[in-house]
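This structure is a prediction, so every number in the text was calculated from the model and none was measured.
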Amino acid sequence: MTPAGRALRGITWDQPRGYAALAELERLDAAADTRYGAMPAPLTWERQPLSGFESRPIADLARRYDILVIDHPGLGAARAALRPLDELFSPAELAGWAAAAVGPSFGSYRYTGHQWALPLDAATQVCAVRPDLMGGRPPPATWHEVASLAGEIPVVLVLGGPHALLMTLAICAAQGAPPVAEAGDGSPAGGFAEDAAARDAVLTALDLLTGVCAHIDAGLAASSPVDVLEAMVAEDTVACCPLVYGYVTYSEPGRRPHRLAASGAPAWPPGGRPGSVLGGTGVAVSCRVAGGDIGTARAHLRRLLAEPVQAGLVPQAGGQAALCAAWESDAVNAACSDFYRQTRATLDQAWVRPRFPGWTAFQDQGSAIVREGVGDRTAPKEILRALQAAFRARCLAPLTGT
């Protein structure tokens, strides 16, 4: 329990998009600057690497921190360590945030009948290109165009960390057949790619990725989204990344040596939707917050979701707000070459990953299976069998005790 009046401790991820706006609020509080509201007690933020944010158990962090910036797929294993926010905020207040949030961001933190976090940052996989290296070509609108483009200009994929699997899932979502689903009680709704449509979608995605991988820089592809984007703006070696989690600052003129143009994720013809897997972050409250500190935590979350912060401070600091007010703002879009408007349709249709226990471990293991498989040109059916076995071990076996 945090003693009354003591500064709360927060944990976020170590990239300017994850900490810059929070650090500015912390600085303003220390200077007694109340332009974004006065806080009853300070909130001190610490940071963890992006790799930890993507895979470190939320429950471990909740033992040491009061306010947590989290990723929604880890909720299933973390519920006992977090305070349900429907116990801290009224239904009307939660409904207001739900209506104001962009895409499925708010709903991604609702699990087993409770709201476990509020959307702080909104992101999904989009297409990023260097216009000056595209040779007059438009960004690829479909995955068939991606496959063709890879033989003509320098293309890169993002396969590091969990992203090889997430790219596979995005291509399946574009085909309208995600291979995994969550039941109403929050448990897995069956295995991985059990029905014919899902199996075909996975095999098609793996076959396509294997073909594209024959044309890319494998070393760069094995890195993180930020590393790929940094390479694209700093060097003249990659013209197009067809699917990468969007970072608005790479579309801001003058911030880096070169500007990237963001557009919607590739679709699957005919008439398919953009294939993308929701990212972003939410802000949650640890169970270690109790007594009078609950009011302090509540005040901090209200300020973080307030429109002046979301549509003003967050974009100015290089963040990606989770409220529609920022995504629809003329001023915000003018500062980033319409990044928000160009990618909004993709975000609105993004597929939400499962939240059940075991998913994040499977996400990491499954990505390694895909990364090695497509790199070695392993038969898609063999890669699929390995994914199904990993899913059974990580997500289904704990339910059956086997």
query = If you measure from CG on Asp71 to OG1 on Thr360, what distance do you get to the nearest 0.5 Å?
reply = 9.0 Å
ask   = Between Gln310 and Leu304, is there a donor-acceptor pair closer than 3.5 Å when you use the side chain of the first and the backbone of the second?
value = yes
task = Report yes or no: does Thr346 contribute a side-chain atom to a donor-acceptor pair with the main-chain N or O of Ala265 at less than 3.5 Å?
result = yes
inquiry  = Between Arg371 and Asp376, does any NZ, NE, NH1 or NH2 come within less than 4.0 Å of an OD or OE carboxylate oxygen?
reply    = no
ask   = Within the distance-only criterion (no hydrogens, no angle test), does the side chain of Ser148 pair as donor or acceptor with the backbone N or O of Glu145 below 3.5 angstrom?
value = no
message = Within the 4.5 Å heavy-atom criterion, are Cys127 and Cys240 side-chain neighbours or not?
response = yes
inquiry  = Check this for me, if you would: do Arg355 and Glu182 make a salt bridge, where the nitrogen-to-carboxylate-oxygen distance has to be below 4.0 angstrom?
reply    = yes
request  = Show your reasoning for whether side chain to side chain contact (heavy atoms under 4.5 Å, CB included) applies to Thr168 and Leu206.
outcome  = CA-CA 7 Å; Thr168 305; Leu206 293 171; 4.2 Å; yes
query = Taking the side chain as C-beta and beyond, is there a heavy-atom pair between Leu149 and Met134 under 4.5 Å?
reply = yes
query = With a 3.5 Å cut-off and no angle check, do the side chains of Thr210 and Asp207 form a donor-acceptor pair?
reply = no
ask   = How about Pro269 and His144: do any of their side-chain heavy atoms sit closer than 4.5 Å?
value = yes
key: Min side-chain heavy-atom separation Arg302-Phe89 under 4.5 Å   = yes
message = Under a 3.5 Å distance rule, please check whether Gln48 uses its side chain to pair with a backbone N or O of Thr12 as donor and acceptor.
response = no
ask   = With side chains defined as the heavy atoms from C-beta onward, is the minimum distance between Ser223 and Val228 less than 4.5 Å?
value = yes
key: Contact list for residues 203-250, test ring-ring contact (aromatic ring centres under 6.0 Å, His included), sequence neighbours left out   = His163-Tyr245
inquiry  = So, using side chain to side chain contact (heavy atoms under 4.5 Å, CB included) as the criterion, who are the partners of Arg9 when residues are at least two apart?
reply    = Glu46, Arg64, Tyr65, Asp66, Arg288
ask   = Heavy-atom distance under 4.5 Å between the side chains of Tyr36 and Asp29, does that happen here?
value = no
Closest heavy-atom pair and its distance - Phe356, Ser187 = CD2-C, 3.8 Å
ask   = Among all residues two or more places apart in sequence or in another chain, which pass the side chain to side chain contact (heavy atoms under 4.5 Å, CB included) test with Pro91?
value = none
query = Just by distance, do the side chain of Trp116 and the backbone of Tyr111 share a donor-acceptor pair under 3.5 Å?
reply = yes
Qualifying residues under salt bridge (Lys or Arg N to Asp or Glu O under 4.0 Å), relative to Glu328, sequence neighbours excluded = Arg344
inquiry  = Would the distance check show the side chain of Ser367 and the main-chain N or O of Gly161 forming a donor-acceptor pair, the cut-off being under 3.5 Å?
reply    = yes
task = Kindly determine whether Leu75 and Leu82 satisfy side chain to side chain contact (heavy atoms under 4.5 Å, CB included), including the steps that lead there.
result = CA-CA 9 Å; Leu75 284 175; Leu82 299 178; 4.1 Å; yes
request  = For the residue pair Arg256 and Thr249, confirm or rule out a side-chain donor-acceptor distance under 3.5 Å.
outcome  = yes
task = With sequence neighbours left out, write down each residue that passes ring-ring contact (aromatic ring centres under 6.0 Å, His included) with His72, or none if nothing qualifies.
result = Tyr109
request  = Could you grab the distance from atom CG of Leu209 to atom OG1 of Thr204, nearest 0.5 Å is fine?
outcome  = 11.0 Å
ask   = Can you tell me how far the CG atom of Leu159 sits from the CG atom of Leu220, to the nearest 0.5 Å?
value = 9.5 Å
task = Please check if the side chain of Ser251 supplies one atom and the backbone of Ala261 the other of a donor-acceptor pair under 3.5 Å.
result = no
ask   = Which pair of heavy atoms, one from Ala81 and one from Ala59, lies closest together, and at what distance?
value = CB-CA, 3.9 Å
ask   = At what distance, to the nearest 0.5 angstrom, does CG of Leu165 lie from CG of Asp364?
value = 9.5 Å
ask   = Ignoring hydrogens and geometry, is there a side-chain-to-backbone donor-acceptor pair from Asp293 to Thr296 under 3.5 Å?
value = no
query = Does Val102 reach the side chain of Leu323, with side-chain heavy atoms less than 4.5 Å apart?
reply = no
request  = Would you kindly say whether Arg394 and Gln363 are connected by a side-chain donor-acceptor distance under 3.5 Å?
outcome  = no
message = Once rounded to the nearest 0.5 Å, what's the spacing between atom CZ of Phe339 and atom CG of Asn333?
response = 10.0 Å
query = With no hydrogens and no angle check, is any side-chain donor or acceptor of Trp327 less than 3.5 Å from a backbone partner on Ala321?
reply = yes
inquiry  = Name the residue from Leu387, Asp195, Leu169 that meets the side-chain contact (heavy atoms from CB on, under 4.5 Å) definition with Pro179.
reply    = Leu169
query = Looking at Ser263 and Pro139, what are the two nearest heavy atoms and their distance?
reply = OG-CB, 3.5 Å
ask   = What distance do Leu347 atom CG and Ser105 atom OG have between them, rounded to the nearest 0.5 Å?
value = 5.0 Å
request  = Give me the ring orientation class for Phe192 and Phe391: parallel if the planes are under 30° apart, tilted from 30 to 60°, perpendicular past 60°.
outcome  = tilted
key: Min side-chain heavy-atom separation Cys241-Val155 under 4.5 Å   = no
message = Could you walk me through whether Arg199 and Glu194 satisfy the salt bridge (charged side-chain N to carboxylate O under 4.0 Å, His left out) test, starting with their C-alpha distance in whole Å, then the side-chain angles of each, then the deciding distance to 0.1 Å, before giving a yes or no?
response = CA-CA 7 Å; Arg199 284 195 299 274; Glu194 287 188 330; over 6 Å; no
key: Under the salt bridge (Lys or Arg N to Asp or Glu O under 4.0 Å) test, residues paired with Asp200 that sit two or more places apart   = none
Arg130 and Asp236 ion-paired at < 4.0 Å = yes
task = Decide side chain to side chain contact (heavy atoms under 4.5 Å, CB included) for Ile153 and Val238; before the verdict, give the C-alpha distance in whole Å, the side-chain angles of both, and the deciding distance to 0.1 Å.
result = CA-CA 8 Å; Ile153 63 173; Val238 177; over 6 Å; no
ask   = Would a distance-only check, ignoring hydrogens and angles, find a side-chain to backbone donor-acceptor pair under 3.5 Å from Thr124 to Val277?
value = yes
